[in-house]
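Keep in mind that the numbers below use all heavy atoms, side chains included, and drop hydrogens, waters and symmetry copies.
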Amino acid sequence: QVQLVESGGGLVQAGGSLRLSCAASGRIFRINAMGWYRQAPGKQRELVAVITRGDNTNYADSVKGRFTISRDNAQNMLYLQMNSLKPEDTAVYYCNAEGIYFGTLPFDSWGQGTQVTVSS
């Protein structure tokens with residue numbers, strides 16, 4: 001099994017910045033894609049950004065130009081730099097990773113989430 005733990009959430013005023021981190025642990029052989037998702041109250045969970053092992057990225061239209069996703073393959077870490085935050089960014093942010101563990105077994109894991117609250 002692969003475990004993911006998010007950190008870095010908090011309360012920030014509109015226009016401010018936060019950096020989220022996600023640490024992956026376990027018998028990881030290779031992590032392929034990693035991503036950040038978020039879920040606001042009363043809404044479905046949505047994709048925020050994804051990044052491949054080769055550092056190709058895709059972003060939701062709502063965060064393009066404001067958020068930057070990155071990863072450190074050597075340390076199995078994922079990051080999300082969030083700038084120019086808006087109240088509509090308020091949500092629980094979840095880390096996701098998929099790949100291979102224990103040599104040959106596939107995994108698709110989720111973290112417990114970290115709360116981001118942006119005040120107006």
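Nearest approach of G35 to I69, heavy atoms of both residues: CA-CD1, 4.2 Å. Residues F107 and A97 approach most closely at CE1-O, 3.5 Å, considering heavy atoms. Shown here for A14 and S120, the closest heavy-atom pair between the two residues is CB-CA, 4.4 Å. Minimum interatomic distance between L85 and R66 (heavy atoms only, all atoms of both residues): CA-NH1, 3.9 Å. The two residues C95 and L78 make their nearest non-hydrogen contact at SG-CD2, 3.6 Å.
Chaining together hydrophobic side chains whose heavy atoms lie under 4.5 Å apart places I100 alongside F29. Under the 4.5 angstrom side-chain criterion for Ile, Leu, Val, Met, Phe, Trp and Tyr, the cluster partners of Y79 are M77.
For residues 33-46, the salt bridge (charged side-chain N to carboxylate O under 4.0 Å, His left out) pairs, not counting sequence neighbours, are R38-E46, R38-D89. The salt bridge (charged side-chain N to carboxylate O under 4.0 Å, His left out) pairs that include a residue from residues 13-36 number zero, where partners must be two or more places apart or lie in different chains. Counting only residues at least two apart or in different chains, side chain to side chain donor-acceptor pair (under 3.5 Å) contacts with residues 6-15 comprise E6-Q112.
Note that CG of L18 is 9.0 Å distant from CZ of F67, once rounded to the nearest 0.5 Å. In this structure, OG1 in T68 is found 8.0 Å from CG in L80, a value given to the nearest 0.5 Å. Atoms OH and CG, from Y94 and L4 in turn, are 13.0 Å apart once rounded to the nearest 0.5 Å. Atoms CE and OG1, from M34 and T52 in turn, are 12.0 Å apart once rounded to the nearest 0.5 Å. Of the inter-residue distances, the one linking S109 atom OG with E98 atom CD reads 10.0 Å to the nearest 0.5 angstrom.
Remark: N58 pairs with no residue by the side-chain hydrogen bond (donor to acceptor under 3.5 Å, both in side chains) rule, at least two apart or across chains. For S25, the side-chain contact (heavy atoms from CB on, under 4.5 Å) criterion is met by Q3, not counting sequence neighbours. Annotation: side-chain hydrogen bond (donor to acceptor under 3.5 Å, both in side chains) contacts of D108 (sequence neighbours excluded): N96. Residues passing the side-chain contact (heavy atoms from CB on, under 4.5 Å) test with Q115, sequence neighbours excluded: T90, V92, T117. Here Y37 pairs with W110 under the ring-ring contact (aromatic ring centres under 6.0 Å, His included) rule; sequence neighbours left out. By the side-chain hydrogen bond (donor to acceptor under 3.5 Å, both in side chains) test, S17 is found to be paired with N83, residues two or more places apart in sequence or in another chain being considered. Every residue meeting the side-chain hydrogen bond (donor to acceptor under 3.5 Å, both in side chains) condition with D61, not counting sequence neighbours, appears here in chain and number order: K64.
Annotation: side chain of W36 is not in contact with side chain of I51 (no heavy-atom distance under 4.5 Å). Under the 4.5 Å side-chain criterion, counting only non-hydrogen atoms from C-beta, V116 is in contact with L20. Side-chain atoms of I31 and N73, non-hydrogen and from C-beta on, never get closer than 4.5 Å to each other.
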